[in-house]
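The structure appears below as structure tokens.
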Amino acid sequence: MNIFALFEQRVADALASLVASGALPAELDVSRAAVEPPRDPTHGDLATNAAMVLAKPAKANPRALAEAIAAELKRDPRVAKAEVAGPGFINLTLAPGVFQDVLRAIIAAGPDFGRGLKQDAAPINVEYVSANPTGPLHVGHGRGAVFGDALANLLAFVGYSVTREYYINDAGAQVDILGRSAFLRYREALGHDIGTIPEGLYPGDYLKPVGQALAERFGRALLDVPEEVWLPTVRTAAIDAMMAMIRDDLATLNIRHDLFFSERSLSQGGVDHIRATIDDLRARGLIYEGRLPPPKGQPVEDWEDREQTLFRATAFGDDVDRPLLKSDGSYTYFAADIAYHRSKFERGFRTMIDVWGADHGGYVKRMKAAVAAVTDGKGELDIKLCQLVRLLRGGEPVKMSKRAGDFVTLREVVEEVGSDAVRFMLLFRKNDAQLDFDLEKVVEQSKDNPVFYVQYAHARCASVFRQAREAFPGRDFGPARLAEADLSVLQDPGERDLLRLLAQYPRVLDGAADAHEPHRIAFHLFELASAFHSLWNKGKDLPQLRFVNQADQQSTEARLALVYAVRSVLASGLGILGVTAPDEMR
RNA sequence: GGCCCCGUAGCUCAGCCGGAUAGAGCAGCAGCCUUCUAAGCUGUUGGUCGCAGGUUCGAAUCCUGCCGGGGUCGCCA
């Protein structure tokens, strides 16, 4: 139950009846009329700008129009007050029954409150992480991982049919290097002295077990054959091992993809999908052989001006046309990525979301151009860039030497502070803003730590119920019983604040899902927790405000209903963020 | 040099598909704390929303230009 959507419809109805009575001209575009929470709560519960938006097209005075709309809205029994304010706002104060209905709806749904509110099962593809299978994930990957996962959770929660996808870059030069690095470890496992790892190969210890396994599986058989022979075998084994490790790393954050899509699979097997994609584009005149101007600014030293196969990206908003074949004739990464996104579209996804690191920002335009071309404008790609994470400990940057695989892995961080802290903190910031992650602060049990603060609110809710059962032994405080409580006693400003925030939750979900911004949920939960703690604290000085009051069963029941709703929304939101909702903090 | 992101209180950041007097946390300041609801509580100071134009009933929000910070810039992934 989303009271904002509800009353948006109500306003539309009011406008329709004004049209019917001739007070407004027909064929008005009412799409800009919105119902929002007023900035100042003393203005009421809802505000609409309908009169101001329509005044000009209707050639009417905004305040007069507002009066007419307000009069129409006042006929609704759910509207206690409709006042015109300022330049033509209509402020609505709702009948108390509306909020009581909201509360009952939350209690009925529990942690599922808000689920399926889009009533739209359209398939959406979310591609995230997609890190090269050449080593363990680091914290930067973690941000994209958590962001993509929470976004996928959110979209699934509100009703979309979501597929979580990971694109494995297993076809380029990087994985050849991986293969050679693993081969070195293989020789090492067989007792060869490999000395220091040569420049350009991966030096990390994590390849040692891969070498071991190869030695056990192949003995010395790979030693005396040429690279063309051993490389495919070693490479595949190394990629498999790296992907297993990455999957493990992701599992520590409870992240599981539905599909791991291999880049290599695009051009291997029966059909060369990259070739097919290029042919398709060529048939539509979007491919040509031509030359590119060298980049302006920084001169490229080994610039080789040559004729190459280009995709006409400029026809779709990109700055230059983009090459599809390297000088050795093999496909560029971009060519493969076009084929990959084409495959997403062919698999039924009109909406695709890619989650990338900010360092890939330069590829956004060309990828969007490619999707527009390859889907003939029918597919929609949103690319979310995640900014870098600065790892701190007690305010001091954690040293991350770029040398020799000596970096802080995601796994180390999760093992130190826990999945909940990592997930919540990475989501408690807009994706395109830089983020400081302090290993000390995120485990602090204090008001200053948002993770703790929000989880603690949930635990306190659970605690209230434990106390209630103690104070009223044998009484039923289950949701069915609470839904029948007399909720009209919830009159304290603190209680009304909570009701207001609870009622806003579906609107937050809706907006977060549309904008692909899960952080909005984290912020709303923080607000809700804050209002809840504040009401709890009020009970310290004013015992009559306590949730459990042995002398007053009626108010206890009403407040337990409120607490149950707070708990449900916290659990719902934390669930979407992938953070646990504990019943106690000890 | 081109493109992208960012610039909001002393600090860290929300708010940005236009809406009313721009919000939160921290820090600061002032109280409360022999508390019984659980990791303190309550109140409060503080901002030319980088600058300058434009669009309009209305701009932190949209457009243009500039300033400052970051990223990125054939064939790597």
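In what follows, chains carry the letters A, B, and so on, assigned in the order in which the sequence lines appear, proteins first and then strands, with residues in each chain numbered from 1.
Taking the six-membered ring for Trp and the full ring otherwise, the centers of A:Phe428 and A:Phe526 sit less than 6.0 Å from each other.
A donor-acceptor contact shorter than 3.5 Å is absent between the side chain of A:Asp432 and the backbone of A:Leu385. Side chain of A:His533 to main chain of A:Arg460: no donor-acceptor pair is present (N/O by atom type, distance under 3.5 Å, no hydrogens or angles). Counting only distance, with no hydrogens or angles, the side chain of A:His524 and the backbone of A:Leu501 share a donor-acceptor pair below 3.5 Å.
Using a 4.0 Å heavy-atom criterion, one finds that A:Asp438 contacts no nucleic acid atom at all. Counting any heavy atom pair closer than 4.0 Å across all strands shown, A:Asn49 reaches a base atom. Counting non-hydrogen atoms under 4.0 angstrom, A:Arg291 reaches nothing in the nucleic acid.
For the residue pair A:Thr42 and A:Asp40, a side-chain donor N or O sits within less than 3.5 Å of a side-chain acceptor on the partner. A donor and an acceptor atom, one from each side chain of A:Asp321 and A:Thr314, are located under 3.5 Å apart.
Side-chain proximity of A:Tyr333 to the nucleotides B:C76, B:C36, B:G74 is greatest for B:C76. Of the listed nucleotides (B:C4, B:G70, B:A20), B:C4 has the atom at the smallest distance from the side chain of A:Lys365. Proximity note for A:Pro38 (side chain, C-beta onward) versus B:A20, B:G15, B:A39: the nearest is B:A20. The side chain of A:Lys447 lies closest to B:C41, out of B:C41, B:C75, B:A77. Distance from the side chain of A:Arg429 is smallest for B:C13 among the nucleotides B:C13, B:A20, B:G58. Comparing B:A14, B:C75, B:A20 against the side chain of A:Ala433 picks out B:A14 as the nearest. Closest to the A:Arg520 side chain, of the nucleotides B:U56, B:C16, B:G74, is B:C16. Set against B:C41, B:G19, B:A77, the side chain of A:Asn537 has B:C41 as its closest nucleotide. Between B:G40, B:C6, B:G71, one nucleotide has an atom nearer to the side chain of A:Asp359 than all others, and that is B:G71. The side chain of A:Asp432 sits closest to B:C6 out of B:C6, B:U37, B:G19.
Atom P of nucleotide B:G7 and atom CD of A:Gln387 are separated by 11 Å, given to the nearest angstrom. The distance from atom CG of A:Asp45 to atom P of B:A20 is 18 Å, rounded to the nearest whole Å.
Distances shorter than 4.0 Å separate some side-chain N or O of A:Lys430 from OP1 or OP2 on B:G15. Phosphate contact (OP1/OP2 of B:A39, side-chain N/O of A:Arg460, threshold under 4.0 Å): present. The shortest distance between the side-chain N/O atoms of A:Lys538 and the OP1/OP2 oxygens of B:U42 is not below 4.0 Å.
Remark: ring of A:Phe89 stacked against base of B:A20; centroid gap under 5.5 Å, plane tilt under 30°.
Relative to the ring axis of A:Tyr363, A:Arg366 places its NZ or CZ within 45° and under 6.0 Å from the centre.
Put simply, the residue from A:Phe261, A:Tyr166, A:Phe334, A:Tyr333 that forms a ring-ring contact (aromatic ring centres under 6.0 Å, His included) with A:Tyr340 is A:Phe261.
Against RNA chain B, the stretch residues 310-326 of chain A makes heavy-atom approaches under 4.0 Å through A:Asp319, A:Pro323, A:Lys326.
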